[in-house]
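Numbering of ligands and ligand atoms starts at 1, following listing order.
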Amino acid sequence: MNLILMGAPGAGKGTQSAKISEKWNIPAVSTGDMLRAAVKEGTPLGLAAKSCMDEGKLVPDEVVIGIIKDYLSSDKCNNGFILDGFPRSIPQAEALDAMGVKIDAALSIEVADEKIVERMSGRRICSGCGASYHVKYNPPKTENVCDSCSASLYTRDDDAAETVLNRLTTFHKITEPLKDYYAAKNLLICVEGQEKVEDTTAAVMAALAKFEA
Ligand code: AMP
């Protein structure tokens with residue numbers, strides 16, 4: 001299964017992509033995670049991306065298209081993949097089509113803006129494996145410690161309140177039109193992501209059941 005995961009920042013794409021990846025045994029790639037790793041390492045890519053990310057804007061299309069092209073051409077993707085956070089603009093979607101990659105579904109996790117703002121303020125990320133937690137809705141077993149790898153948790157710089165608002169504006173303006181793009185190709189599936197993580201997971205798995213062999 002070749003899957004695109006869409007949704008506002010904080011909708012739960014990373015959380016659900018980890019669950020789908022585990023169940024289907026296919027890799028999940030997050031352009032956001034790759035960019036954050038590049039920022040941390042101080043690579044030229046990271047230096048170019050940092051200011052856009054800090055402002056809640058998108059990194060230029062050609063930068064992320066290059067990253068994804070490399071990734072999709074690797075053997076890891078032979079049995080399928082999940083794209084978390086790519087494409088995020090119409091030109092990115094067109095570039096993906098131009099790569100000749102067949103997409104089975106574009107799954108959109110639907111969450112209202114008010115809920116997003118609340119979620120982002122409580123989001124914590126593992127400094128070791130990148131797993132995502134929420135202080136109230138998905139807390140780790142031990143405060144500030146990752147359940148999977150025991151590394152400490154941190155708050156993403158771009159989860160600051162004013163940056164979240166910029167990211168939401170960017171989402172509605174540049175990313176949300178992708179829903180029409182994939183609906184026109186008959187690939188769009190929308191699931192409710194407002195309530196508990198388990199409810200969203202159940203809805204996601206039900207929606208993807210038709211792709212099981
Ligand atoms: P995320 O972790 O998916 O929320 O991404 C964090 C930030 O990385 C975004 O706010 C963008 O600045 C950048 N980013 C991630 N994916 C993309 C993409 N496909 N196109 C452009 N910028 C991206």
Decide whether an N or O pair under 3.5 Å exists between [X] and ligand 1.
| X | answer |
| --- | --- |
| Val59 | yes |
| Asp84 | no |
| Asp33 | no |
| Pro9 | no |

Discussion item. For Leu153, is there any backbone N or O sitting under 3.5 Å from a side-chain donor or acceptor partner on Ser127?
Written reply: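 Answer holds: no.
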Discussion item. Closer than 4.0 Å to some heavy atom of Asp158 - which atoms of ligand 1 meet that?
Written reply: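 Within the 4.0 Å cut-off of Asp158, ligand 1 contributes 6 (C).
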Proximal candidate to [atom] [heavy atom criterion; set [options]]:
| atom | options | result |
| --- | --- | --- |
| atom 8 (O) of ligand 1 | Met53, Arg36, Lys50, Met34 | Met53 |
| atom 3 (O) of ligand 1 | Arg88, Lys13, Met120 | Arg88 |
| atom 6 (C) of ligand 1 | Gln92, Glu55, Arg156 | Arg156 |

Worksheet entry | Leu83 side, atom CG; Asn2 side, atom CG - distance, nearest 0.5 Å | 8.0 Å
Item to complete: Check the side chains of Thr200 and Glu195 for a donor-acceptor pair under 3.5 angstrom, ignoring hydrogens and angles.
Response: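 Short answer, no.
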Worksheet item: Stepwise, does the side-chain contact (heavy atoms from CB on, under 4.5 Å) test hold for Asn138 with Lys196?
Response: CA-CA 9 Å; Asn138 180 27; Lys196 292 201 215 96; over 6 Å; no
Item to complete: Evaluate the side-chain contact (heavy atoms from CB on, under 4.5 Å) criterion for residues Arg124 and Glu143: first the C-alpha distance (whole Å), next the side-chain angles of each, then the deciding distance (0.1 Å), finally the verdict.
Response: CA-CA 10 Å; Arg124 301 290 180 270; Glu143 198 180 336; over 6 Å; no
